Every structure is written in structure tokens, then in C-alpha cells.
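Here is the structure we will look at.
Keep in mind it's a predicted model, so treat the numbers as computed, not measured. Residue indices begin at 1 and follow the sequence shown.
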Amino acid sequence: MKIKELYAFLDMKIPRSLSCPWDNDGLMCCPDGNAEVKKVLVTLDITDEAIDKATKEGCQLIVSHHPLIFKGLKAVSEEGAVSARTIKLIKNSLSAFSFHTRLDALSGGVNDILAGRLGVEDTAPFGVDGEEIGRIGTLASPCSAEEFAERVKNTLGAPSVALADAGMTVRRVAVLGGSGSDDVAAARVAGADTFVSGEISYHHMADAPEEGMNLIAAGHFFTEFPVCQRLAELIREADPEIECEIFFNNKVKYI
């Protein structure tokens with residue numbers, strides 16, 4: 001399968017119509033669309049380490065969740081990190097695809113996977129301003145906020161989580177992988193007693209007891225990394241002969 005053929009397949013499976021209007025994802029870099037895809041590196045972020053690993057492992061393509069180019073490039077030089085990475089990709093004949101908010105919103109994407117991992121059932125979308133990329137559902141067995149926070153930490157493999165305990169029994173849970181501060185109010189309006197995201201602002205956490213909703217911040221990386229397995233599955237669905245390697249490349253260290 002050629003690079004351009006694989007992108008067309010993934011673009012069909014993860015349609016751009018699901019992306020938020022402000023997002024920039026899709027085909028990030030493509031030195032040769034007719035190049036054959038034999039090996040793909042799947043990662044959350046296209047970092048220098050990811051590019052080095054893809055080059056060393058003989059990959060033709062990197063597929064990520066977070067966009068390589070988000071705000072756009074005003075110049076192509078080695079001075080800016082994103083620009084330098086783009087040059088590095090081209091020099092090493094590597095293409096790059098990124099699937100961001102469309103993968104958040106996708107049925108079976110980031111937030112459905114997160115909900116499933118945490119035991120949140122019968123989910124429905126929720127969000128702000130029509131961007132319903134989060135999920136809200138119910139736990140089969142209610143528990144305390146501390147018990148649920150411990151489950152979140154252990155299930156996702158996070159070294160720690162932040163809990164703002166509002167004293168609410170955990171029954172109705174909203175989840176949003178990545179940055180969830182803008183969706184705290186939407187989760188509350190949707191009827192959640194508990195909201196799990198990757199990162200939530202200090203002020204939201206501080207206000208949680210008065211606002212009547214437990215908040216759990218489990219780390220941006222840890223709430224989204226599980227989707228890499230789904231990306232690998234979709235690539236193998238396109239062509240079972242393509243070899244996929246998932247790169248655990250968390251840049252944030254807990255000390």
C-alpha cells in the first residue's frame with residue numbers, strides 16, 4: 001500500500017468532518033505519496049525521539065494523535081522545533097499523519113476507549129458549543145471519589161492523579177482525554193457527578209467542592225495514549241502486511 005492510499009483509507013475511517021473547526025490535523029508531511037508503506041511508528045506525539053526511532057527502525061511513516069503542525073509554519077528553518085522536525089522528516093523520507101479532535105470524537109476513538117477502560121457504560125457524547133467530543137455514562141457499581149481515583153491511576157498506569165473530592169458518590173462519570181478545563185461546566189450540565197480528564201486547571205480543582213462535582217486529572221499523556229492501539233488496528237485493517245510499532249514516548253517526567 002502506498003502512503004497516499006493509506007492516508008485515504010484512514011481519512012475515510014476517521015473523517016475530517018468530526019474535527020473541531022479550530023483544529024489542524026490530517027496529512028502533516030509527505031515527501032513521496034507513492035512510497036510503499038512497510039512499517040509505521042504509532043505515537044501520541046511526533047517528537048525528535050519519535051523521528052529518530054522511526055528512522056532507526058526503517059519506518060516510512062509516523063502516525064500520531066497530536067498534530068505535528070498545529071498553528072501553521074511561518075518559515076521553514078532549523079530554528080523552530082516544529083519546523084526543524086518537518087525538515088528532519090523530509091530528510092529521512094518519512095511521512096506523517098495526525099488525527100486529533102476527529103479521533104477524540106470518533107466512535108471507538110480516544111474518549112470511548114477511555115470510558116471503556118474506566119468501566120463507564122452506556123455512554124453518550126457531551127461537550128461545549130456543539131463540539132461533543134467527550135463521553136458521559138454510568139458506573140455499574142458506585143464508589144467513593146478516592147476509590148475511583150485509585151482505579152483511574154491504576155488502570156491508566158499513571159504515576160499519580162490529582163483529585164478534587166466534592167464528596168459526591170461516583171455514579172455518573174464524564175471523561176475527556178487531554179485538556180478538559182473548557183469542558184468542566186459542560187460535564188456538570190450533562191449530569192456528571194465526576195469528571196475525568198488529562199489536565200484540569202487549578203481554579204476548577206479548587207472550586208470543585210462548592211460546585212458539587214468530583215474532578216480527577218490523570219495526565220494528558222495517560223488519558224490519550226491508549227488510542228495508539230486503535231490507530232495501529234486501523235492501519236493493519238488497511239493492509240495486514242504493514243508492521244506497526246507503538247512508541248511509548250511520554251515527555252513529562254514525575255519526580
Side-chain angles (χ1 to χ4, degrees), residues 1 3 6-16 18-19 23 25-28 37-47 49-51 53-54 56-68 94-121 123 125 133-135 137 151-159 161 173 175-180 196-199 216 218-252:
M1 178 171 275
I3 293 284
L6 179 56
Y7 180 72
F9 177 87
L10 294 176
D11 190 51
M12 174 187 67
K13 289 288 187 175
I14 316 170
R16 186 179 292 276
L18 296 175
S19 294
D23 200 4
D25 66 356
L27 185 61
M28 298 278 103
V37 186
K38 296 181 179 179
K39 188 170 183 179
V40 178
L41 188 74
V42 180
T43 182
L44 204 66
D45 300 281
I46 300 177
T47 59
E49 291 85 352
I51 297 172
K53 184 170 183 61
K56 180 181 178 181
E57 299 294 333
C59 298
Q60 296 76 42
L61 170 67
I62 301 176
V63 178
S64 72
H65 175 45
H66 293 140
L68 169 67
L94 281 166
S95 293
F97 307 161
S98 302
F99 298 96
H100 192 212
T101 51
R102 58 167 114 174
L103 190 57
D104 290 319
L106 183 75
S107 177
V110 171
N111 293 305
D112 280 323
I113 292 170
L114 180 58
R117 291 281 183 96
L118 300 181
V120 182
E121 302 174 347
T123 58
I133 62 176
R135 297 291 187 267
R151 178 193 300 181
V152 172
K153 184 180 78 168
N154 294 337
T155 301
L156 299 182
V161 301
V173 179
V175 302
L176 181 71
S179 299
V196 180
S197 188
E199 51 194 35
I216 299 172
H220 199 122
F221 179 89
F222 295 101
T223 55
E224 293 186 325
F225 180 72
V227 82
C228 288
Q229 181 63 45
R230 180 59 183 147
L231 282 170
E233 290 169 357
L234 286 170
I235 293 166
R236 295 188 189 104
E237 182 181 334
D239 184 348
E241 294 186 2
I242 294 176
E243 183 181 350
C244 289
E245 181 172 350
I246 297 174
F247 187 32
F248 187 93
N249 186 27
N250 182 22
K251 299 295 291 181
V252 178

Quick one: does [X]'s side chain get under 4.5 Å of [Y]'s, heavy atoms only?
| X | Y | answer |
| --- | --- | --- |
| L61 | L6 | yes |
| F248 | I246 | no |
| I51 | I46 | yes |

- request: Give me the ring orientation class for F225 and F221: parallel if the planes are under 30° apart, tilted from 30 to 60°, perpendicular past 60°.
  value: parallel
Please name all residues satisfying ring-ring contact (aromatic ring centres under 6.0 Å, His included) with [X], sequence neighbours left out, ordered by chain then number.
| X | value |
| --- | --- |
| F222 | none |
| F247 | none |
| H100 | H65, H66 |

Distance check, rounded to the nearest 0.5 Å: [X] atom [atom1] versus [Y] atom [atom2]?
| X | Y | atom1 | atom2 | result |
| --- | --- | --- | --- | --- |
| L156 | L118 | CG | CG | 5.5 Å |
| L103 | D23 | CG | CG | 10.5 Å |
| T101 | L106 | OG1 | CG | 11.0 Å |
| M1 | Y7 | CE | OH | 14.5 Å |
| E243 | R236 | CD | CZ | 9.0 Å |

Give a yes or no on whether the backbone of [Y] and the side-chain of [X] come within a donor-acceptor separation of less than 3.5 Å.
| X | Y | result |
| --- | --- | --- |
| T155 | V152 | no |
| D104 | G109 | no |
| S197 | L176 | yes |

Please name all residues satisfying salt bridge (Lys or Arg N to Asp or Glu O under 4.0 Å) with [X], sequence neighbours left out, ordered by chain then number.
| X | result |
| --- | --- |
| D112 | R135 |
| D25 | R16, R102 |
| K38 | none |

- line: side chain to side chain contact (heavy atoms under 4.5 Å, CB included) filter on E57, not counting sequence neighbours, yields K39, K53, C59, E245
D239 and V37: CA distance, side-chain angles, deciding distance, side-chain contact (heavy atoms from CB on, under 4.5 Å) verdict: CA-CA 9 Å; D239 184 348; V37 186; over 6 Å; no
Mind checking what makes side chain to side chain donor-acceptor pair (under 3.5 Å) contact with [X], not counting sequence neighbours?
| X | value |
| --- | --- |
| S98 | S64 |
| E237 | K13 |
| T47 | E49, N249 |

Heavy-atom closest contact ([X] atom, [Y] atom, distance):
| X | Y | answer |
| --- | --- | --- |
| I62 | A50 | CD1-O, 4.0 Å |
| A158 | A218 | CB-O, 3.7 Å |
| F97 | L10 | CD1-CD1, 3.9 Å |
| G177 | T223 | CA-OG1, 3.6 Å |

Indicate every side-chain donor-acceptor pair of residues 227-235 with a distance under 3.5 Å to a residue at least two apart or in another chain.
unit_1	atom_1	unit_2	atom_2	d
R230	NH1	E233	OE1	3.3

